[in-house]
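Each remark here refers to the structure printed beneath this line.
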Amino acid sequence: MAEPKIIELNNGSMQVKVSNLGCTILSLSVPDKDGNLGDVVLGFDTLEPYQKGLAPYFGCIVGRVANRIKDGKFSLNGVDYSLPINRPPNSLHGGHKGFDKVVWEVAEHKEGEHPSVTFKYHCRDGEEGYPGDLSVTATYTLTSKTTLRLDMEAVPANKATPVSLAQHTYWNLGGHNSGDILNNTAQIWANHITPVDQYTVPTGEIMPVKGTPFDFTSEKQIGRDIQQVGLGYDHNYVLDCGDKKDGLKHAAKIKDPKSSRVLDLWTNAPGMQFYTANYVDGVVGKGGAVYNKHAGVCLETQGFPNAINTPNFPSIVVQPGDKYIHNMVYEFSVE
């Protein structure tokens with residue numbers, strides 16, 4: 001059994017602490033406009049609160065299937081599968097003990113100019129109700145002074161299976177303890193979202209954002225229209241209009257006016273859950289900071305939620321011998 005531990009990646013410009021418990025980003029420190037390092041990730045100082053389940057998916061990788069599967073049921077190749085209903089009436093983020101709650105093996109840790117760490121996990125057939133053995137790797141790399149790259153891969157051994165991993169970090173570019181993110185601006189390169197039912201499961205419709213509070217095609221304050229969408233944003237955006245760089249699409253850009261920190265996110269995934277920490281309520285985090293509603297923003301690039309039950313969504317099924325590949329680049333800057 002691998003032991004949970006914390007590993008630091010540091011290139012002299014940015015510092016990231018990650019753990020093999022759930023491939024979790026515990027902290028990520030980048031400079032503001034005056035060169036002051038600030039930790040822009042919600043989380044805890046030690047691993048214990050993560051192990052005790054006090055984190056609402058802070059910083060982790062979720063899987064085998066991210067987001068919701070309606071009623072915790074799906075059929076594949078004529079077999080019906082039932083998953084744990086851990087967020088009634090649905091199954092969320094891989095079940096009771098998804099990839100975020102297991103201890104991964106530290107396969108490789110490199111230091112130097114481009115420090116990196118690779119985590120590996122072997123998921124068994126039937127684990128949390130999913131079909132087939134699955135070998136998963138996740139590599140975090142500091143690819144430049146203020147850029148973090150995440151490369152996720154998964155290979156099914158013997159059965160076709162749905163696979164959709166997501167990185168669930170809550171970002172606050174003003175600093176993890178700076179209050180809410182409502183005055184941050186966001187731009188999301190998506191002309192459509194997938195609207196949801198009362199249980200946050202997509203209806204199957206693909207809806208244009210133009211003329212709705214969901215429109216972030218131009219930069220706008222996150223808080224501007226948030227009152228019009230219930231508790232806040234918790235929706236899958238269809239990444240259909242971003243420019244490309246090195247084979248990845250521009251997904252989102254978040255900007256904090258006070259510190260001038262900017263995060264540009266690039267991905268190869270078809271969708272992104274834009275979530276404004278609507279259910280965070282009085283969580284005591286790093287240095288005693290109290291995280292409340294809208295204390296951070298999640299940019300979870302992903303396959304579409306409930307895609308396994310929605311034929312008109314891009315398929316998340318991976319066949320044995322094929323490889324699931326999900327790349328994300330977090331580019332920090334000031335402007």
Side-chain angles (χ1 to χ4, degrees), residues 6-19 23-43 58-61 108-119 138-152 166-178 181 183-189 219 222 239 242-269 272 274 286-287 289 295-301 326-335:
I6 296 173
I7 291 166
E8 186 181 316
L9 304 177
N10 194 331
N11 60 5
S13 303
M14 70 187 293
Q15 179 210 48
V16 185
K17 286 183 180 166
V18 293
S19 175
C23 296
T24 300
I25 299 175
L26 283 84
S27 70
L28 184 149
S29 299
V30 283
D32 66 6
K33 60 177 186 294
D34 301 317
N36 301 314
L37 278 184
D39 179 1
V40 298
V41 166
L42 272 54
F58 281 170
C60 57
I61 289 178
E108 189 172 42
H109 178 205
K110 292 183 188 160
E111 292 178 352
E113 198 187 347
H114 304 296
S116 70
V117 62
T118 298
F119 299 118
T139 301
Y140 291 105
T141 310
L142 303 189
T143 52
S144 75
K145 274 187 171 175
T146 52
T147 303
L148 170 70
R149 183 179 174 112
L150 170 58
D151 296 293
M152 295 172 269
Q167 217 303 338
H168 207 298
T169 294
Y170 291 70
W171 303 97
N172 186 332
L173 295 179
H176 73 98
N177 54 354
S178 66
I181 44 79
N183 67 339
N184 284 10
T185 61
Q187 186 170 2
I188 302 173
W189 279 269
E219 194 179 310
I222 293 173
L239 300 174
D243 45 317
K244 279 201 158 176
K245 186 162 77 172
D246 301 329
L248 303 184
K249 298 176 289 193
H250 210 169
K253 176 181 181 172
I254 308 288
K255 194 166 156 185
D256 172 55
K258 213 142 131 212
S259 67
S260 299
R261 286 191 191 96
V262 176
L263 167 55
D264 281 282
L265 175 60
W266 304 77
T267 188
N268 67 337
M272 182 187 81
F274 180 60
K286 286 177 276 195
V297 61
C298 299
L299 307 167
E300 308 159 55
T301 64
H326 184 174
N327 314 109
M328 302 176 76
V329 171
Y330 299 93
E331 204 171 32
F332 295 91
S333 59
V334 289
E335 64 174 47

Please name the pair of heavy atoms, one in A295 and one in N172, separated by the smallest distance, quoted to 0.1 Å. O-ND2, 3.0 Å
Can you check whether L9 reaches H109 side chain to side chain, under 4.5 Å on heavy atoms? yes
Side chain to side chain donor-acceptor pair (under 3.5 Å) partner of E331, the single match among K245, H250, R149: K245
Side chains of L142 and L148 in contact at under 4.5 Å (non-hydrogen atoms): yes
Which atoms form the tightest heavy-atom contact between V41 and S27, and what is the distance? CB-CA, 4.2 Å
Would you say that W266 contacts D243 through its side chain, given a criterion of any heavy-atom pair below 4.5 Å between the two side chains? yes
CD1/I188 to CE/M272 distance, rounded to the nearest 0.5 angstrom? 4.0 Å
Might you point out which heavy atoms bring S13 and K145 nearest each other, and give the distance in Å? CB-O, 3.3 Å
Is there a side-chain contact (heavy atoms from CB on, under 4.5 Å) between K255 and L173 once you walk through the steps? CA-CA 7 Å; K255 194 166 156 185; L173 295 179; 5.6 Å; no
Heavy-atom pair with the smallest gap, counting every atom of L26 and K286: O-NZ, 2.6 Å
Knowing that exactly one of D151, D246, T267 qualifies, which makes a side chain to side chain donor-acceptor pair (under 3.5 Å) with N327? D151
State, yes or no, whether a side-chain contact exists between V16 and Y140 at a heavy-atom distance under 4.5 Å. no
Parallel, tilted or perpendicular: rings of Y330 and F332 (30°, 60°): parallel
Straight-line distance of D256 CG to S178 OG, nearest 0.5 Å: 6.5 Å
Roughly how far apart are N268 CG and K244 NZ, rounded to 0.5 Å? 9.0 Å
Using a 6.0 Å cut-off, check whether atom CD of E111 has over 12 heavy atoms from anything other than its own residue. no
Once you round to the nearest 0.5 Å, how far does NZ of K33 lie from OG of S333? 13.5 Å
Check whether K253 reaches the backbone of E219 with its side chain - one donor and one acceptor, N or O, closer than 3.5 Å. no
Would you check, one step at a time, whether the test side-chain contact (heavy atoms from CB on, under 4.5 Å) holds for L299 with L263? CA-CA 11 Å; L299 307 167; L263 167 55; 4.0 Å; yes
With a 4.5 Å cut-off on side-chain heavy atoms, are W171 and N184 touching? no
Taking all non-hydrogen atoms of both residues, which atom of M14 and which atom of T147 are closest, and how far apart? SD-N, 3.5 Å
Could you check whether K249 makes a cation-pi contact with W189, meaning its NZ or CZ is under 6.0 Å from the centre of the six-membered ring and within 45° of the ring axis? no
For D32 and S259, work out which heavy atoms get closest and say how close. CB-O, 3.5 Å
Which value, rounded to the nearest 0.5 Å, describes the distance between F58 atom CZ and T169 atom OG1? 10.5 Å
To the nearest 0.5 Å, how far apart are CD in Q167 and NE2 in H326? 9.5 Å
Between the side chain of N11 and the main-chain N/O of H114, is any donor-acceptor distance below 3.5 Å? no
Heavy-atom donor-acceptor pair, K258 side chain to N183 backbone, under 3.5 Å: no
Pairwise side-chain contact, F274 with I222, heavy-atom cut-off 4.5 Å (strictly under): yes
